[in-house]
2 protein chains.
Amino acid sequence: MKTKDSKIPEATIKRLSTYVNYLGRLGTDSNPVISSEMLGESCQVSPAQIRKDLSYFGEFGVRGVGYDTKKLEAEIKDILGINHSWPTTVVGVGKLGQALLNFDFFRKHGFRIIVAFDSDPRKIGTKITDDIAILPTNDIENIVNEKKISIGIITTPTDWAQDVADKLVAGGIKGILNFAPIKVKVPESITLRNVSITSELDNLAYLLTQKKRQ
Amino acid sequence: MKTKDSKIPEATIKRLSTYVNYLGRLGTDSNPVISSEMLGESCQVSPAQIRKDLSYFGEFGVRGVGYDTKKLEAEIKDILGINHSWPTTVVGVGKLGQALLNFDFFRKHGFRIIVAFDSDPRKIGTKITDDIAILPTNDIENIVNEKKISIGIITTPTDWAQDVADKLVAGGIKGILNFAPIKVKVPESITLRNVSITSELDNLAYLLTQKKRQ
DNA sequence: CTAACAATGTGATAACTGTCACACAGTCGT
DNA sequence: ACGACTGTGTGACAGTTATCACATTGTTAG
């Protein structure tokens with residue numbers, strides 16, 4: 001895979017995720033080939049946008065024909081880096097944490113949950129689903145380091161998020177996905193993404209309010 | 001509140017949500033006034049960006065001084081429309097749905113959960129927390145219509161999402177927040193936001209892969 | 001009262017992102 | 001073998017969003 005340019009819009013990555021997700025759920029047998037127009041229809045993106053997005057990374061289609069469905073899926077997975085298996089941990093085994101742990105998405109997209117952490121003594125020592133142990137949050141640094149865990153998902157209450165982030169960083173984590181509604185601070189070298197559910201709800205409220213006011 | 005222009009960047013709304021969330025968690029007594037520099041420090045946004053964001057909606061600060069913390073919080077809440085109480089329903093009482101239902105965020109940000117829906121017969125008829133009933137998904141249209149519910153949150157498995165969306169729309173819903181990893185289709189008049197957890201994970205994987213490759 | 005100061009609000013500018021039109025390459029029918 | 005056709009890939013353009021510098025305005029001290 002060749003990256004022509006280092007300046008890829010974040011929105012492009014988001015859309016690539018949409019594409020690959022759709023392709024994965026598409027019956028590859030009945031649709032061996034797909035055009036940017038068809039894909040755009042399903043993902044609600046303009047055909048030109050799709051071609052542009054893909055063009056950042058190379059040429060994956062055949063002119064006059066379209067894209068080989070299975071091949072395109074594999075290519076995008078390669079671009080996104082979801083064809084390896086990232087050692088991952090979830091910190092905070094509340095309802096949200098459990099939802100993520102049960103999510104079969106992880107298996108499909110190359111995230112391997114190694115272990116979970118929580119501070120509730122009643123949860124510590126128990127196991128999630130198959131064989132994911134729940135350990136105390138104080139062990140985060142050691143375990144992350146020892147098991148070479150590269151991704152940490154924070155699903156704790158707001159007040160604990162920064163502390164947990166610090167512990168993950170101390171253990172040598174590479175990337176963090178934070179679900180707590182604050183922007184945790186981490187060193188420059190750590191890749192961080194914040195998923196703000198509250199922000200999405202606020203945004204919805206705003207759009208509805210606009211509609212009402214106009 | 002005056003809206004100077006109708007073309008507000010979506011990113012601005014997202015940041016306003018961050019600001020108001022931070023202000024809400026700030027001890028208003030010890031910080032009666034806050035500058036764009038201080039707020040920017042906490043929210044990891046440049047001071048100029050904050051002033052620009054606010055300037056779309058009016059003038060809320062005092063030159064040479066800063067912003068009245070409590071007043072600014074109230075103003076942003078007004079802008080976002082999270083000072084009313086939106087009648088809301090959650091469809092899909094799995095782990096993710098339960099996580100949201102237990103989320104005390106709703107109370108604070110003006111979303112009032114009226115009822116929940118699920119298709120699992122074992123869940124139907126039971127209640128969540130205080131007094132939120134779980135009804136069968138077939139009742140969605142009637143209940144949404146009858147109770148004048150304006151916001152629907154979809155936390156069902158992927159395959160059910162479109163069907164649920166259709167039912168919500170049929171019942172006269174105003175806005176939908178969709179957590180299923182597909183882009184559901186709704187009429188133009190319905191406000192829709194997709195929260196794609198999978199997309200966030202893919203994005204994280206991409207960023208980590210980039211770092212590895214370079 | 002006046003001058004020094006502090007932090008906002010905003011017009012101008014730069015950077016980024018998406019749209020469009022069309023050249024180009026591969027396919028299929030005759 | 002060749003021409004009509006189809007859908008990709010991309011350079012040019014337009015629109016959007018963020019950054020910057022500074023004029024502006026209220027505060028405070030002497």
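Numbers restart at 1 for each chain; the letters A, B, ... are given by sequence-line order, proteins then strands.
- In summary, B:K77 and B:E73 engage in a salt bridge, as defined by a charged side-chain N under 4.0 Å from a carboxylate O.
- In summary, B:R193 and A:E200 engage in a salt bridge, as defined by a charged side-chain N under 4.0 Å from a carboxylate O.
- Atom pair B:M38:CE and C:dA6:C1' shows a separation of 12 Å (rounding to whole Å applied).
- For the pair B:R63 and A:T12, both in contact range of DNA chain C, the more 5′-proximal nearest nucleotide belongs to B:R63.
- Residues B:Y19 and B:L80 form no side-chain contact, since every pair of their non-hydrogen atoms from C-beta on lies 4.5 Å or further apart.
- Of the candidates C:dA7, C:dT17, D:dT27, the closest approach to any side-chain atom of A:A11 belongs to C:dT17.
- B:Q49 places its CD atom 13 Å from the C1' atom of C:dA15, with the value rounded to the nearest Å.
- Atoms CD1 (B:I13) and P (D:dT16) sit 16 Å apart, rounded to a whole Å.
- A straight line from CG of A:D53 to C1' of C:dT17 spans 10 Å, rounded to a whole angstrom.
- Nucleotide C:dT8 holds its P atom 14 Å from the NZ atom of B:K71, rounded to whole Å.
- At whole-Å resolution of the value, CZ in B:F60 and C1' in D:dG26 are 18 Å apart.
- Partner of B:F60 under the side chain to side chain contact (heavy atoms under 4.5 Å, CB included) criterion, out of B:I76, B:D68, B:I79: B:I79 alone.
- Nearest to the side-chain atoms of B:V62 among the listed nucleotides D:dA18, C:dT27, D:dG26 stands D:dG26.
- Listed candidates were C:dG9, D:dT16, C:dA7. Nearest to the side chain of B:S35 is C:dA7.
- Within the structure, every side-chain polar atom (N or O) of A:Y67 is placed at least 4.0 Å from both OP1 and OP2 of C:dG26.
- Counting to the nearest Å, the P atom of D:dT6 and the CD atom of A:E37 are 12 Å from each other.
- Of the residues near DNA chain C, A:R51 and A:E10, the one whose nearest nucleotide (by heavy atom distance) lies more toward the 5' end is A:E10.
- Remark: A:K212 qualifies as a cation-pi partner of B:W86 under the 6.0 Å distance and 45° angle criteria applied to the six-membered ring.
- Within the structure, every side-chain polar atom (N or O) of A:S36 is placed at least 4.0 Å from both OP1 and OP2 of D:dG7.
- OP1 and OP2 of D:dT17 both lie 4.0 Å or more from every side-chain N or O belonging to B:K52.
- The interatomic distance linking A:I50 (CD1) with D:dT10 (P) rounds to 16 Å, in whole Å.
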